[in-house]
Amino acid sequence: MTQTARRDVDPSTGEAAPPAFESLDPRTGEVVGRHPIHDEADVAAVVREARQAQTAWAELGFAARKQHLDAWRRMLARRLDEIAGLVCAETGKPLDDAKLELVLVIDHLHWAAANAEKVLKRRKVPAGFLMANQAATVEYLPLGVVGVIGPWNYPVFTPMGSLAYALAAGNAVVFKPSELTPGVGAWLARSFAEAVPDHPVLHVVTGYGETGAALCTSGVDKVAFTGSTATGKRVMASCAQSLTPVLVECGGKDALIVDVDADLPAAAEAAVWGAMSNAGQTCIGVERVYVVDAVADRFLELVTERARKLRPGGEPNAHLGPITMASQVDVIRGHIDDALRGGGRAVVGGEHSVRPPFVEPVVLTDVAADSEAITEETFGPTIVVQRVRDADEGVAQANSSRYGLGGTVFSRSRGLELARRLRSGMVSVNSVISFAAVPALPFGGVGDSGFGRIHGADGLREFTRSQAVTRTRFAMPLNPMSFGRSKGTVRRLVRLVRLMRGR
Ligand code: NDP
């Protein structure tokens, strides 16, 4: 759905109101909400506000911050239906999928608040034999203000992977939601303000890409970006000017490997859910399947049976919703066409399955390895099932992508072994996407899928700077770091290091 930017007149003053845009329901085109288009000056002002509030938030300490974040979590749980309704309206996804997204969010928020102290607090480390007179400690201190730029496909779960962890670590956050889901972003900030009224440390700025670009150059202390690889590169280039650190969570082309001894019905179920849920608009969705030839026919039958039953629609209990971003429909159509033109076969659906704003499930097979359906992120309810000689060839094919976000292995005997050989940030063995629901596990990719990690201990540390401190406990008999050292000091140290470390 295209969106409109309008400048209204404020009836009370007769002056032009700030420019605004509308978010639309992709199922119907109805207006869901109206939001300001924040420009560079607006963003700078919001970042200043956030910075002022951050000091007190950091000084609260872990226990008090946990209490506030717990209050927010309880509010999200109480008002889950309300926010799920808004997620549905702005993305078009089925209501239960929106609720599932929120269930995960609530658990992540709980984990981040409960574990921030354990992961980040000051701890002793061994000082080593050369510095035996020192007490050495490391702690992880908040960065200040973190700018979070999020996509529309999981408009709560994805940004909360940064928001929850950055806030728990003691930062303030300025969040720029996708232009397709600004209402969800604004709701999150409003609910935080209600639950934690004394600490205005979560702010939202809305608008188009320019608003996100303004956030990158606003002087925030880090930018956590989730979105497409192309935009991720632009974000990085703009942050490079001020050496602002970035976390970049981009797209994927995740593969599922089906080994010869896999539980085939479970693998087929996982493939179809992983590829088609949320109408395939999942960064860690299954886009490619490599199935061992000996079981490929049976696997394809099982996938076909399941995929044929799925119906997209606008009703809250449809299996799949619409394609949220209208322009993605052409990408999906292009990938199906390219696969079929290059000799691939559609065993479920085909070109006719694309009926904007909906796309019916499409299962492709025997697709040329250089087809866009294999090499590019499709982001639709399509899946390519390819036969391989054995699981090792499956791993090689899976790794031939320039993306490396998640992955899935179905194998009774070689699950972990195959998982470890996948060039990806995350893998589920004998289930699909499970890693995203484990708050203690880091989430992120390699290659064109980006770098940096949200979730887990790594996700907490991502929004901090480590500070190393040494404290002298007593004077050393040999002090080489002084102009007053004797001639023999370094000679004796060299002898010592050869004795202790030279063997
Ligand atoms: P986009 O890259 O189009 O947009 C992402 C965000 O960046 C939006 O808020 C967008 O604003 C903003 N933006 C656009 N231009 C700029 C700019 N120049 N500077 C700063 N910010 C900018 O991605 P989508 O919203 O289409 O999301 C889909 C993509 O996200 C897919 O590739 C998917 O794989 C990926 N994704 C990755 C995840 C991960 O964790 N690795 C998780 C979820 C999705 P606006 O919308 O207003 O243009």
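We count ligands from 1, going down the list as the structure has it; atoms in each ligand are counted the same way. Since this is a predicted model, take the numbers as computed values, not measurements.
In this structure, CD1 on Ile332 lies 14.0 Å from CD on Glu351, to the nearest 0.5 angstrom. Residue Leu188 holds its CG atom at 9.5 Å from OG1 of Thr181, rounded to the nearest 0.5 Å. Taking CE of Met426 as the reference point, atom CD1 of Ile284 lies at 6.0 Å (rounded to 0.5 Å). The distance from the CG atom of Asp338 to the CD1 atom of Ile374 is 10.5 Å, given to the nearest 0.5 Å.
Of all atoms in ligand 1, listed by their number and element, those nearer than 4.0 Å to a heavy atom of Trp152 are 24 (P), 25 (O), 26 (O), 27 (O). Listed by atom number, the atoms of ligand 1 under 4.0 Å from Thr158 heavy atoms are 42 (C), 43 (C). Interface atoms of ligand 1 facing Leu405, defined by a heavy-atom separation under 4.0 Å, are 41 (N). Listed by number with element, the atoms of ligand 1 under 4.0 angstrom from any heavy atom of Gly212 are 19 (N), 20 (C), 21 (N). In the vicinity of Ile149, heavy-atom distances shorter than 4.0 Å reach the ligand 1 atoms 6 (C), 7 (O), 9 (O), 12 (C), 20 (C), 21 (N). Listed by atom number, the atoms of ligand 1 under 4.0 Å from Pro177 heavy atoms are 9 (O). Under a 4.0 Å criterion applied to the non-hydrogen atoms of Tyr208, ligand 1 contributes the atoms 47 (O). Ligand-side atoms of ligand 1 in range of Val235: 19 (N), 20 (C), range being under 4.0 angstrom from any heavy atom.
Protein heavy atom in closest approach to atom 10 (C) of ligand 1: Lys176 NZ, 4.0 Å. Atom 27 (O) of ligand 1 has as its closest protein heavy atom Pro151 CB, 3.2 Å. Remark: minimum distance from atom 45 (P) of ligand 1 to any protein heavy atom is reached at Glu179 OE1, 3.0 Å. At the shortest separation from atom 18 (N) of ligand 1 among protein heavy atoms lies Arg234 NE, 3.9 Å. What sits closest to atom 35 (C) of ligand 1 on the protein, heavy atoms only, is Gly227 O, 3.3 Å.
Because its NZ or CZ atom is not both nearer than 6.0 Å to the ring centre of Tyr208 and within 45° of the ring axis, Lys176 does not count as a cation-pi partner of that residue.
At a heavy-atom distance under 4.0 Å, only backbone atoms of Cys250 (N, CA, C or O) approach ligand 1. For Glu377, every heavy-atom contact with ligand 1 shorter than 4.0 Å involves the side chain, none the backbone. Under 4.0 angstrom from ligand 1, the non-hydrogen atoms of Phe443 all belong to its side chain. Contacts of Ile284 with ligand 1, taken as heavy-atom pairs under 4.0 Å, are absent altogether.
Of the listed options Cys283, Gly209, Gly251, Ala436, Gly209 places a heavy atom closest to atom 17 (C) of ligand 1. Around atom 8 (C) of ligand 1, the closest heavy atom drawn from Ser162, Gly150, Pro159 belongs to Gly150. One option in Ala213, Ser228, Gly185 has a heavy atom closer to atom 19 (N) of ligand 1 than any other, and that option is Ala213.
Ser191 and Trp72 share a side-chain donor-acceptor pair at under 3.5 Å. Checked by atom type, the side-chain pair Thr378/Lys253 shows a donor-acceptor distance below 3.5 Å. If you check the side chains of Asp448 and Thr229, you find no donor sitting under 3.5 Å from an acceptor. For Glu82 and Trp187, the side-chain atoms include at least one donor-acceptor pair closer than 3.5 Å.
The N/O atoms of Asn153, backbone and side chain alike, include none that comes under 3.5 Å of an N/O atom in ligand 1. Between Thr231 and ligand 1, at least one N/O pair is under 3.5 Å apart. Distances between N or O atoms of Phe379 and those of ligand 1 include no value under 3.5 Å. Checking only distances, Ser449 never comes within under 3.5 Å of ligand 1, N or O to N or O. Residue contacts with ligand 1: Gly207 is placed with a nitrogen or oxygen under 3.5 Å of a nitrogen or oxygen of the ligand (distance criterion only).
In this pair, Trp57 and Phe192 present their aromatic rings perpendicular. The plane angle is above 60°, beyond the 30 to 60° band. Note on ring orientation: taking the six-membered ring where Trp is involved, the planes of Phe379 and Trp152 are perpendicular (angle over 60°, cut-offs 30° and 60°).
Not a single heavy atom of Gly450 sits less than 4.0 Å from an atom of ligand 1. Remark: distances from the non-hydrogen atoms of Gly445 to ligand 1 are all 4.0 Å or more.
Under a 3.5 Å cut-off, the side chain of Ser277 and the backbone N or O of Trp273 do form a donor-acceptor pair. For the pair Ser449 (side chain) and Leu405 (backbone), a donor-acceptor distance under 3.5 Å is present.
With His455 as reference, Tyr165 is the one residue of Phe463, Trp111, Tyr165, Phe435 to meet the ring pair (Phe, Tyr, Trp, His ring centres under 6.0 Å) rule.
The ring of His108 has its center closer than 6.0 angstrom to the ring center of Phe157.
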### Message
Would His203 and Phe175 count as a ring-ring contact (aromatic ring centres under 6.0 Å, His included) here? Give the steps.
### Response
CA-CA 6 Å; His203 296 257; Phe175 170 39; over 10 Å; no

